[in-house]
Amino acid sequence: MTDRPVDTLNKVYEPAEVERKWRALWEEQGLGTADAKSEKPPFTMVIPPPNITGALHVGHALNTTIQDILARYKRMKGFSVLWLPGIDHAGIATQNVVERELAKDGIDRHKLGREGFLDSVWKWKERYADTILNQQKRMGASCDWTRLRFTMDSGLSKAVREVFTTLYAEGLIYRGNYIVNWCPRCHTALSDIEVQFEETDGKLYYMVYPIAGSDTSAGGIESLTVATTRPETLLGDTGVAVNPDDERYKGLIGKKIKLPLTGREIPIVGDEHVSAEFGTGVVKITPAHDFNDFDVAGRHSLESINIFDVNAVLNENAGKYEGLDRYVARKKITEDLDSLGLLEKVEQYKTMIGECYRCATVVEPRLSKQWFVKVAPLAAPAIEAVEDGSVSFVPKSWEKTYFEWMRNIRDWCISRQIWWGHRIPAWHCGECEHITLPDGAVDPVLCDKCGSDKIAQDSDVLDTWFSSALWPFSTLGWPDKTDDLAKYYPTSVLSTSFDIIFFWVARMIMMGLKFKGQVPFKEVYIHALVRDAEGQKMSKSKGNVIDPLVMMDEYGTDAVRFTLAAFAAQGRDVKLAEERIAGYRNFCNKLWNLARFALMNIDDGSEEAGTEADGRSLADKWILTKLAKCRNDVEAHIDLYQFDGAARALYSFVWHELCDWYVELIKPDLWGDKGEERKRKSAGVLLVVLRDTLKLLHPIMPFITEEIYANLPVKKSGLALHEEQFPAEMGVWPEEEAELDGIMKVIGAIRNLRTENNVKPGASVESTCQIDDSGARDILGKGAEYIKKLARVSAFTVVPTGECPSDSVSTVVSGGPEVFVSLKGLIDIGAEVLRIEGEVEKANIERAAIEGKLSNKSFVEKAPAEVVAKVRARLEAVNSKIEKLESGRNRIKGIDG
RNA sequence: AGGCGCGUAGCUCAGUGGGAGAGCGCUACCCUGACACGGUAGAGGUCGGCGGUUCGAAACCGCCCGCGCCUACCA
């Protein structure tokens, strides 16, 4: 026998060193490296690229775990797996971070200039972008790190330019003067979905707008009262609107308002958009600073007056209010109106206020020249792809959310007034204003139209999500025709969080269909929601925000991964409890000690002994059956993305079947009590079961399983466990399984009688089972050794129902034997009578329920015959149980008296 | 305002038409030759409420209550 590492395995599993070792080995062995020339069928995932500013939070940890489970599982299932990692340049977020860094040294980006600032950002990126990648590696992520991509890579930038120029040529990208969401702090436009709405306590101001001209011409009405939440925008009003059917104001349409504080005259128009029921039924129209008003103005050819500068400070169009911040102006203007007697009243009002999703500054709707993608023509096929099942969401309910958004989609504002990002590949002519686009990689130098060389590239950059939308194919080399693209596109599944279905998932589907003619992924797995560590969603007041890195230090990565998998039930929030991580740390330790135990009892011949079909014991067949079931459970659950189910199946198999029962059952075998052959066989089955269990566990807990597997004397097909195949379906022995399940119930019954009667754990007792069914007696006979060992029984007999053994306490296994334990004068009669009566009470409750069912004629008639038969059998069992319990009680009372 | 989801043991959560489950915590006893990050045996729930469908509902349907999230241009 060769040296076994038994003695070197610690009593307690210590993850830190093991994890370090295997991370290095995986890297060395190129575990994640995909081979586009492989004959195996492809399985592809692209990682949702985290921001370069990011640090691993629980959400990342969950998604990394899920994807790594899939990657490892599919590799073991014989797929050529590509799991492509990467990071996202995160335009606004990164620019903000670097600006803040520079500000610490008193540097403003404008001082550095565009080039200089971008240099700083790139330096920052080189320094910090690895942070989150290393954290993902720390989790054991088996990505193909040789294919790491960054959204600002030259290849991906090429893809961006290709897509932009194509869409522009087709008229699907256009530039125009429209109202957009503007962040006065980031100084850039935002798309609609980059604005988050918060319910805020605001006020509704009722302002009096005098009508221009004589009283009579206005039919006696001298003024209109408008209700607004934003009085300061009065300065930009260019009209007042009423509902054309509103009898009160109908006659005023076409008249003019003399706008207070400005003296400007603005028209009264009729527009369906105005509801007669709300407020006063009169709406002020500020086309440059309100989305609705912009639309109304379009319908009535009202002019637009922009009253804010980029900081949302009033500009020269605001007259004497110029230079005031919007909120200061609000106060001042209401005061001024009040002093003129034109502020009718102010009401408390709850309103939804839009905030920048990057910095939470209240956004300012603002008229400006921006680039847009015309989305509707791209959305139509993307909707269809989900309708016809080319792409399916898991859980399916998210498809509804997707449709809802896609069917009401508005054009996508893609230009950002920042510096960090893909600069818009469009050149403006200083002479004729024509826009020239590049042909290929070379920047244009002359205007397409007038030939002028006075052309300059647009100063804006593209929305970060524009490049993210191309991620599934740009990362594979598109627009070039590459082997990777041929082999691995479309990808198999995208695992992500619901909150970026609009930002990302929908746009990838649109772009994938448009430029590859194929969906970018066949399935979208929307994982359970983990509340953000930074907080607005997770309850930081409770202090239950958990840092996965700290947890990995404390409990080991496998424990964290297993916990996340076990929590990953579909369609529910994840609230991580640290105690549960500790619980799964214990599970790792249990597995570790199971391995130690096995290693103490096996030798080089064990694997062969465990594989031989002959001479297996009842316990062997039982555990092999449970293993086969566990294997099927794991497979079925992972295939359906039910990681919690897979984790549960493994946990209960390893702990409650393998450790609690099988190991205990075979100990006498391993001690040699039943001869060498029996010892050899049991050790063999133990090894084989452990070996396969490690394979089943590996996708979820890669580190500990590799470590144990490396120590097992089994035939290996490669360098390590991750190269093994996922176990194939296995044979089962349902009869033996049921037999041992029955024997285990008897063991439980004896143990219960012992405990309840305060028998010392070390003491042996005598026990008898009575049952009339001879088949059942045979089975119990076969289990005698097990019963003796696990219930500490010295003499065990099985007989037909008959006279009760003297000085015994008893209980009944439902549908099974009456179990007696002899106590020889040690019975605490009072306590035992109470215990039995408790059991009888429970049984009576059950009997009442069953009898209720059977006395219901409809049940007997309408329920399936097998259900009725089953219930009848249960009644019989419970009746006999009660009868036996009662006679047991009487007998004990008899001992007393 | 619509949409979605949740409400099951003290806590965190599975279960989804025919005998209420797991982990942690709790109680009692045990350092039994893999493991005290352990073992054995227990206690603990009218499955949010009310109606309906059904022979039968924790599960399916409706309404209500409570909580959460997403979407929305009523100023």
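Residue numbers begin at 1 in each chain, while the letters A, B, ... track the order of the sequences.
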query: A:Gly281 near the nucleic acid: base, sugar-phosphate alone, or nothing, with a heavy-atom cut-off under 4.0 Å?
result: base

message: Work out how far the P atom of B:C13 is from that of B:G68, and round it to whole angstrom.
response: 15 Å

- prompt: On a whole-Å scale, what distance lies between the C1' atoms belonging to B:A43 and B:U27?
  reply: 7 Å

query: In the structure shown, which nucleotide is the Watson-Crick or G-U wobble counterpart of B:C50, with both distances under 3.5 Å?
result: B:G62

task: Establish, yes or no, whether a centroid distance under 6.0 Å links the rings of A:Tyr651 and A:Tyr584.
output: yes

statement: Assign each of A:Ile850 and A:Asn856 the nucleotide of RNA chain B bearing its closest heavy atom; nearer the 5' end lies the nucleotide of A:Ile850

- prompt: Just checking, any donor-acceptor pair under 3.5 angstrom between side chains of A:Tyr178 and A:Asp411?
  reply: no

query: Can you find a side-chain donor-acceptor pair between A:Glu347 and A:Tyr206 that sits under 3.5 Å?
result: yes

statement: In whole angstroms, the gap separating C1' of B:C69 from CZ of A:Phe502 amounts to 12 Å

message: Closest-nucleotide mapping onto RNA chain B: is A:Val283 or A:Lys400 further toward the 5' terminus? I mean the 5' end.
response: A:Lys400

field: Nucleotide B:C74, atom C1' - distance to CG of A:Asp271 in whole Å
entry: 13 Å

- prompt: Can we say A:Glu839 and A:Arg835 salt-bridge, meaning some charged N sits less than 4.0 Å from an Asp/Glu carboxylate O?
  reply: yes

query: At under 4.0 Å between heavy atoms, what does A:Lys350 touch on the DNA or RNA strands: base, sugar-phosphate, or nothing?
result: nothing

query: Roughly, in whole Å, what's the span from CG in A:Leu640 to P in B:G15?
result: 13 Å

query: A:Leu854 CG to B:C55 C1': how many Å, rounded?
result: 12 Å

- prompt: Expressed in whole Å, how much space separates the C1' atoms belonging to B:U46 and B:C30?
  reply: 37 Å

query: Considering only the C1' atoms, how many Å lie between B:A58 and B:A9, rounded to the nearest integer?
result: 14 Å

query: Once you round to the nearest 0.5 Å, how far does CG of A:Leu591 lie from CD1 of A:Ile708?
result: 4.0 Å

- prompt: What is the pairing partner of B:U32, taking Watson-Crick or G-U wobble pairs with both distances under 3.5 Å in any strand?
  reply: none

- prompt: Heavy atoms under 4.0 Å, any strand shown: does A:Phe291 hit a base, just sugar-phosphate, or nothing?
  reply: nothing

task: Write down the distance separating the P atoms in B:A22 and B:A14, rounded off to the nearest Å.
output: 16 Å

task: Calculate the interatomic distance between A:Lys862 atom NZ and B:U53 atom C1'; express it in whole Å.
output: 12 Å

- prompt: Does A:Tyr402 have any ring pair (Phe, Tyr, Trp, His ring centres under 6.0 Å) partners at least two apart in sequence or in another chain, and if so, which?
  reply: A:Phe393

- request: Report the base-pairing partner of B:G2 (Watson-Crick or G-U wobble, both distances below 3.5 angstrom), or none.
  value: B:C70

- prompt: What nucleic acid atoms does A:Glu846 come within less than 4.0 Å of, heavy atoms only: base, sugar-phosphate, or nothing?
  reply: base

- request: Please work out if A:Thr228 contacts a base, only the sugar-phosphate, or nothing of the nucleic acid, heavy-atom cut-off 4.0 Å.
  value: sugar-phosphate

- prompt: Rounded to whole angstroms, how far apart are CD1 on A:Ile501 and P on B:C4?
  reply: 14 Å

For B:G42, the Watson-Crick or wobble counterpart (both distances under 3.5 Å): B:C26

query: Is A:Lys284 touching bases, backbone alone, or none of the nucleic acid, heavy atoms closer than 4.0 Å?
result: nothing

- request: Could you check how far CZ of A:Arg410 sits from C1' of B:A72, rounded to whole Å?
  value: 11 Å

Pairwise P distance for B:C55 and B:A72, with rounding to whole Å: 46 Å

field: Pair assignment for B:G21, Watson-Crick or G-U wobble, requiring both distances under 3.5 Å
entry: B:C13

- request: Flag the pair A:Asp603 and A:Lys679 as a salt bridge only when some basic side-chain nitrogen lies within less than 4.0 angstrom of an acidic carboxylate oxygen.
  value: no

query: Base, sugar-phosphate, or nothing for A:Tyr206, non-hydrogen atoms under 4.0 angstrom?
result: nothing

Whole-Å C1' distance, B:G21 and B:U16: 13 Å

- request: Check the distance between B:G18's P and A:Glu866's CD and give it to me in whole angstrom.
  value: 13 Å

message: Measuring only the C1' atom in each nucleotide, how far is B:G15 from B:C6? A whole number of Å is fine.
response: 15 Å

query: Between the side chains of A:Glu194 and A:Asn181, is a donor N or O closer than 3.5 angstrom to an acceptor N or O?
result: no

- prompt: Side-chain donor-acceptor pair under 3.5 Å between A:His273 and A:Asp295, yes or no?
  reply: no

message: Strictly under 4.0 angstrom, non-hydrogen atoms only: write out the protein contact profile of nucleotides 22-41 of chain B, one letter per nucleotide from the 5' end, B, S or -.
response: -SS----S---BBBSBSSSS

